[in-house]
Structure formats: C-alpha cells, structure tokens
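What follows is a short report on a single structure.
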There are 2 protein chains.
Amino acid sequence: MPSAPTIKEIARRLNISASTVSRALHDHPSIGLRTKTRVQQLAAELNYEPNQTAIFFQQRKTFTIGVILPELSEAFFSAAISGIEDMAGRHQYSVLMGQSHDEEEREKLIVSTMKKHRVDGLIISIAKNTKDYSHFNMLRQAGIPTVFFDRIPNLTDIHYVACDMVSGTVQAVKYLLGKGHRVIGMINGPDKLLASRQREEGYIKAMQKHRLKYDPTLVVSSDLTKEGTDKAMKKLLSLKRKPTAIVAFNDYVALDAVQFAVKNKYKVNEDLTFVSYANLPMSHYTAFPPVASVEQFPYIQGQRATETLLEILTSNAPADSPASPDHWKKVILESQLMIHNVE
Amino acid sequence: MPSAPTIKEIARRLNISASTVSRALHDHPSIGLRTKTRVQQLAAELNYEPNQTAIFFQQRKTFTIGVILPELSEAFFSAAISGIEDMAGRHQYSVLMGQSHDEEEREKLIVSTMKKHRVDGLIISIAKNTKDYSHFNMLRQAGIPTVFFDRIPNLTDIHYVACDMVSGTVQAVKYLLGKGHRVIGMINGPDKLLASRQREEGYIKAMQKHRLKYDPTLVVSSDLTKEGTDKAMKKLLSLKRKPTAIVAFNDYVALDAVQFAVKNKYKVNEDLTFVSYANLPMSHYTAFPPVASVEQFPYIQGQRATETLLEILTSNAPADSPASPDHWKKVILESQLMIHNVE
DNA sequence: TTCGGACAGACAAACGATTGCGCTTTTTGG
DNA sequence: CCAAAAAGCGCAATCGTTTGTCTGTCCGAA
C-alpha cells in the first residue's frame, strides 16, 4: 500500500523542493549541512530507494549488459557466463541473458529484445549457423558496443575475445611426441570452423618443429556426431601407418572415439592414447579419460570479454570513432595443455 | 548521430500531436485510417522503436524477471536457468540473472540489485547457508512476487516449486530389491537438509512395503566432501551385514564412493552396485556408472517455476492478498528413477 | 434550421529523477 | 557600512510514452 517513497514525497514532508532533495542525497556542495542531514535522515527512515527505471530513462543508461549464448547447459558456456556475471557484478552491472539454441532466428530475436531493453552493451557468442550478420549491424547503428567471444563472426571491424587453439595443440602434439609416439592421428571438426583450422595448424607446426613430415591422411574430420566420429576412427585405424595416439576435436568426440576403440578391442591409453580439448569438467572421471586435454578457460574468457566491454563503456567513446587504429579490441588467450595425473 | 527517432519526432514531421502518434501505433479506434497509415509508414521508414526504458518507467513494469541461483556452472542450475529463460522468452519476458556463489551476503546484494532494477518478479534458489530471511521480507514489502525453487527457505507463506525425492528413492530401492539385493546401504547428506530427510523417508517406505525391517545402521551420512564420503563408506563396508548395493546422495558422492570401493578391491556393479541421484549429465560415461539414477528434472523445474511466476504476475493480484487459501502456490514434481541401459 | 452524437485529433498531466539557471539571503572584505 | 561574492535553495525543463479529457467538425435526423 505505501507504494515506494519518491523524492517528491520527501520534498513534500520537508517543505523543500524536489531538486534540493535530489542534490542533498547526492551530497551536492550547494546544499547546506542542515537540510542535507534532514533529508538523508528522512530518506533512511522512509526506506527510500531511488527508482532506477526513472534514472535509466533519464540518463539513457541501464547499467545492464546483455549476454547472448548458444546454450547455457553446455558446460563451456555456463562457465563463461559465470565469469561474465562475476565481473559485471563487481562493477555494479547487471546481466540480461538469452540463449539462441544455435538458431539464427532466435539470435536475432534476442538481439532485438536486448536493444529494446536498452542494454549498455552486449557480449555475444554466435549461433553455429548464423550466416547473416544484419542484426549485428543494427547494433552498431544503434550505438550499442558489442564484444564477441569464442564463437566470433567472420568480420574484421569488431571487438572480440577468443582463445587461440594453435598453441595448445602444439603443446598436445609435442607432449605425445615426447611420450614416444610417432604416428599421431587427429580427429578434427568441420573444415570451415576457425577452431578446426587452428587445430590443424597447431598439429602441423608441432610436427615441423620436430622435423617430422606432415602426413595429411592422419588428419581426418568428423561432423561431430557419433556416426561422423565412428567413420573418422575407421579411417584412421585402417591406415597402413596406424596411429598410436589420437588428438580429438573435443571431449564429446573423444568419448565417442574411445567407445569405438573399446568396441574394436583396442586397449585405450595403452596401444591407443587420447588427448582432447576440455569441454566437460568431469571427463577425467570417465572410464578412459584422455591423458591430457587442452584447456580453453571459458570462465576467464567470460571475464576478459566483460572487462573489454566495460572498458569500452567507460571510455565513453562516441560509439562510432573507428579512427584510432586500436579501436577494435582483440583479446586472444592462449590455450594450454593440462596433463591429467592418472593414478 | 541520428539518435533513435522518438514519437515526438514523428509527430513533428507529420504535424500532428504525439498522443495521436502513440494511439496510431497502437491501432487505437479513435484515430482515422488516413493518419494511422501515414504514421505507421513513417515509423517504419524511420525505423522507429519505442524506448522501452520510458515505457518501463511509465508503466511501472519491466517485463523482466530476476533469477538468483547459487552457481551457474553446476549442471543442475544451468539446466534450470535454461528452462527458465526458454519459458520466460516465450512470454516476452527477459531474464536478469545473478549467482550467489552460496554466500548469504552476495545473495542479499543481488536481491537488492534486482529490486532496484524493478524486476517484475523473482525466481530464487537460495544459498546453502542462508539463515537470515530478511531480504525476502523486503521483497514482499516491495510487492515483488517471488517463487522459490529446489532450494527453498524454511517458510510456509511462500510460492515454490520443488522435486520430491521420496518417490524416486522408493523406486530406486525397489529396483535394487527387485534385482535381488537384500542389504542396501545409503550414503545420505547432512541431516538438516530436507533433501536428506526425503531420501531416508523413501528408503524406509520402500523397505516397509517389502516387509523388510529397516536397519538404521545401513543409512550413514556424509558431509559431501570426499573425506566424509570415504568415512561413510568405511562404516558401511565394516558392517557385519555388508551391503551389496548403495544408494548415494548424488553423483559427486557416488563418484567418490566408487573410487573408494575400487581402491579397496571391490568389483563395482558386481559385488557392490550403485544407484545415485542425477547431477552430472555425463555420469553414465564414467568408469563405473551407477546402474540407475534418480532424475530431478532441473529444466522442467525451471520451466514450472517460471510458469508459476507468470501466473502470479498476470493474475495481477494486489501483491498481498493471502486471503485466498490457494494463494501460496506449491508445485511439487515427482522425481523419477532412470535405469541406465548398461551395454 | 438546429441539436445530438459520432468521429478525429489535440492538450496536458503524469511517471521519478536530474540539472542549468536564477533568485534570495547571508557572509566577507575593504 | 556597503558592495560584491558566496552560499543555499527553488523553478522549470527534460527524458519518451501513455491516457483521460476536451475541442472541433461533420453528418443525419427532427
């Protein structure tokens, strides 16, 4: 019933003007100490809280950042948003979030909702099959700064945070070479994915550094379904030079690949060793965990993306001033091989 | 530069009043067809979008629901928020989210932020150690409807959605009995947790239905750490009547328990069978997965919680009218045993 | 011809807070 | 003691939209 007390209410009770109350609450120098304390006391008594929606409206700022992710129930993204929220909260920003479920249409819808909500900025990891970038252009026109992360669109003039898979892959292959493996297979993802190209690049790099020649038949690709992975495994295991170790595109692929190997009577991690890329926090609890995996630090990526966005927001740049050469912030983290201490 | 076009701008260009434009855009009957189309056309041309912050302010409604969860990177909660966001989106509501990290202080802070943001309603799963409920009372005073889920405070006059563990536990124990087990152990959680009491209740119920006597020494409790679980296992395995099957409090506990069993040369799922409660989506990929687990449907819980909240919001009840007996909505889902087809 | 109503649209207040400017009162310095 | 500066506060506009009420016009019927 006693609907939230407003600044006017306080003004009325104290027989002063609303502007005075506002300034008093903000400790404005032009307000006398007497009235200042009177106001602040009454405000405390009434449990006054400024109506943020009014302020948002007036200030054209919502202290809210939007986050658009493909799928929250994927461990990678839930870790990422966890990092985003932590960092945002630390700077008194709130997080409005939406999941695209990897559908372009939903992604566009969410972008539009976020725009309507007047979020101050956006952090986006794009849907798998998003080909049309018109909604991102709308954002630019609307002057809403956007930072992409992990899954970034194929554009140059954008801010983004990503994790470079090359370094981690190099480490992974080196590790296997160090363990004596000479024939190392790789189950890669679809060629068009940047992530796939980086993995292959890392593979080749590591081989070259060890003065070993790169055998392309050892790198096969899976469409990431179980069937695709099975096919890939068949290919690898029917080679004359059969691999003694395999680098899998991710934990899901590794899981399927291991299963295939087991079915075909391979002794996993004895005659066939697996290394993977971390998606599942618990993958080292599995029956035959990869001996090592490349970590992509989703939580940290989320944090860095948020930091980047906040920098842009507080540098109150006039939205479109791509004049400066370092205008487009590109943060690249190095992936890192984590060796599991198998007991 | 051409900052977002407003209703005023349209009015100016068409030499009509802002109110007319507003009504025209809302297809109000008292506006002539001529002007209506003129307005709508110009609006489309200018790419006009209503300023939601202004509307939120004016309508005292934000079409935003707040979600407070302990930890987004826990699979259970990320599945839940996924359900929440899907259902909210379906009704044009946005989701503002925050994680308490199981800390009472952060929880209170987030509640206050959400209140400031004037969310229309809240969905909360409380932090583990929240003992003081004053922040929830503030919400009630502020007239913000709140639906609790899964982790609910010990209060009667609240809305909540939860999953009853009794039924699932009964099914689990029955299943084991059906498989011929007669001595069934249980590693339960801390006694004070409702979740623990429900599990014990289910255990007893199932025993009684099978006219078997309930042996309290077979139900031990763990503090959910690895050490606690090890201790619990020791207790169980040193009984004269040694259990041939164990119901573990959750997948994490099961993981630790299995590890303990393996170290002590038990043949898991042969001389010692495990059943658990689902937390980890991938737990059936583990080395010795539980033969069955009790599912708590986090995604559905999230959905139902959102539905419940939306009902309250649209029934535009005067916030505090606990007059009606069914005012406090209590939705209880049944947990369900999922039997893993071990190949 | 005149009156009652429909119909189309304009006016203005309101939502709650911020802020530039101007007005009074006090204080200060010469 | 007086002018000028400083201090303390009020006025009013503003942000963009909605909505109750009022005005004006035109038509048909009495």
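Every chain is numbered from 1 and lettered A, B, ... according to where its sequence line falls, protein lines coming before strand lines.
Within the 4.0 angstrom heavy-atom criterion, only backbone atoms of the sugar-phosphate kind lie near B/R60; the bases stay farther away. Within the 4.0 angstrom heavy-atom criterion, only backbone atoms of the sugar-phosphate kind lie near A/T35; the bases stay farther away. Residue contacts for A/Y48: at a heavy-atom cut-off of 4.0 Å it reaches the sugar-phosphate backbone alone, with no base atom in range. Within 4.0 Å (heavy atoms only), A/T6 reaches sugar-phosphate atoms of the nucleic acid but no base atom.
Between the side chains of B/T308 and B/H159, no donor N or O sits under 3.5 Å from an acceptor N or O. Side chain to side chain, B/E104 and B/T130 fail the donor-acceptor criterion of an N or O pair below 3.5 Å.
For B/D27 and D/dT18, the CG to P distance is 14 Å, given to the nearest whole Å. Distance, A/N15 CG to D/dC9 C1': 13 Å, rounded to whole Å. For the pair A/I7 CD1 and D/dG10 C1', the computed distance is 14 Å after rounding to whole Å. Per the geometry, CG belonging to B/L25 stands 15 Å off P belonging to D/dG16, to the nearest Å. Spacing between atom NZ of A/K36 and atom P of D/dA7 amounts to 12 Å, rounded to whole angstrom units. Counting to the nearest Å, the C1' atom of C/dG16 and the CD atom of A/Q59 are 12 Å from each other. In this structure, A/Q52 places its CD atom 9 Å from P of C/dT18, rounding to the nearest Å.
Classification of B/E49 and A/K116 as a salt-bridged pair fails, no side-chain N sitting under 4.0 Å from a carboxylate O. Between B/R60 and B/D120 no salt bridge is recorded (no basic side-chain N to carboxylate O distance below 4.0 Å).
Each of B/I31 and A/K8 was assigned the nucleotide of DNA chain C with the nearest heavy atom; the assignment lying further toward the 5' end belongs to B/I31.
For A/R23 against C/dG20, a side-chain-to-base donor-acceptor contact under 3.5 Å is present. Contact annotation: side chain of B/S19 to base of C/dC11, donor-acceptor pair present below 3.5 Å.
With B/T37 contributing its side chain and B/L33 its backbone, the two residues share a donor-acceptor pair below 3.5 Å.
With centres under 5.5 Å and a plane angle under 30°, the ring of B/F57 is stacked against the base of C/dC15.
Each of D/dT17, D/dC11, C/dA10 was ranked by its minimum atom distance to the side chain of B/I55; first place goes to D/dT17. Each of C/dC15, C/dT18, C/dG9 was ranked by its minimum atom distance to the side chain of B/Q58; first place goes to C/dC15.
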